[in-house]
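Written out below as structure tokens is the structure these notes cover.
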Amino acid sequence: MLLCHELRYFTLFDYQSSLGLNLPNIEEEVIGCAHDIGSILSVEEGENAIEIWVKTEEDEVFVMYFFPYDRGVIKCQ
């Protein structure tokens with residue numbers, strides 16, 4: 001999940017490893033989502049998440065967290 005609590009923003013990513021599918025690269029998609037919010041100031045590895053600091057056109061700075069959210073997604077039939 002990519003989460004920015006202050007902006008009430010979240011995106012879930014369904015990562016599929018090397019299954020021969022023609023899917024976008026997860027790193028590029030996460031960076032693209034962050035760019036949709038603003039300019040990326042820094043990307044830092046935290047203890048449980050990757051922190052992406054962005055600055056909006058209104059000069060506000062926010063942190064976005066990219067982290068595993070496996071337990072938050074329940075696959076059903």
Side-chain angles (χ1 to χ4, degrees):
M1 173 181 273
L2 181 62
L3 172 71
C4 180
H5 181 73
E6 291 80 11
L7 294 175
R8 307 299 188 258
Y9 171 93
F10 67 92
T11 299
L12 288 173
F13 295 86
D14 184 8
Y15 178 74
Q16 302 291 322
S17 63
S18 304
L19 297 177
L21 303 172
N22 187 17
L23 297 174
N25 181 289
I26 193 166
E27 293 89 353
E28 292 175 10
E29 293 299 313
V30 170
I31 294 299
C33 289
H35 274 297
D36 287 344
I37 301 300
S39 300
I40 296 176
L41 300 176
S42 72
V43 179
E44 303 171 16
E45 188 173 348
E47 188 173 322
N48 298 313
I50 295 172
E51 298 176 2
I52 304 171
W53 292 86
V54 296
K55 185 176 184 179
T56 66
E57 289 183 3
E58 295 79 23
D59 288 332
E60 296 178 293
V61 176
F62 297 98
V63 63
M64 304 179 83
Y65 297 100
F66 181 59
F67 57 94
Y69 195 59
D70 298 345
R71 295 188 68 191
V73 178
I74 301 170
K75 294 185 179 186
C76 301
Q77 182 174 326

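Starting from 1, each residue takes its place in the sequence as its number. Below, all heavy atoms of this structure are taken into account, side chains as well, without hydrogens, waters or symmetry copies.
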How long is the straight-line distance from [atom2] of [Y] back to [atom1] of [X], given to the nearest 0.5 Å?
{"X": "L12", "Y": "M1", "atom1": "CG", "atom2": "CE", "result": "4.0 Å"}
{"X": "K55", "Y": "E57", "atom1": "NZ", "atom2": "CD", "result": "12.0 Å"}
{"X": "C4", "Y": "Y65", "atom1": "SG", "atom2": "OH", "result": "9.0 Å"}

Exercise: identify the closest heavy-atom pair between E6 and V63: OE1-O, 4.2 Å
Do [X] and [Y] share a hydrophobic cluster, counting only Ile, Leu, Val, Met, Phe, Trp and Tyr and linking them when any side-chain heavy atoms are less than 4.5 Å apart?
{"X": "M64", "Y": "W53", "result": "no"}
{"X": "V54", "Y": "I50", "result": "yes"}
{"X": "Y69", "Y": "L7", "result": "no"}
{"X": "V30", "Y": "V43", "result": "yes"}

Working for side chain to side chain contact (heavy atoms under 4.5 Å, CB included), residues I52 and L2: CA-CA 9 Å; I52 304 171; L2 181 62; 4.2 Å; yes
Greater than 12 external heavy atoms within 6.0 Å of F10's CZ: no
Y9, F67, F66 screened by side-chain contact (heavy atoms from CB on, under 4.5 Å) with L3, the one that passes: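 Option passing the side-chain contact (heavy atoms from CB on, under 4.5 Å) with L3: F67.
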side-chain hydrogen bond (donor to acceptor under 3.5 Å, both in side chains): pairs with one or both residues in residues 29-41, sequence neighbours excluded: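 Applying side-chain hydrogen bond (donor to acceptor under 3.5 Å, both in side chains) to every pair that reaches into residues 29-41, excluding sequence neighbours, yields nothing.
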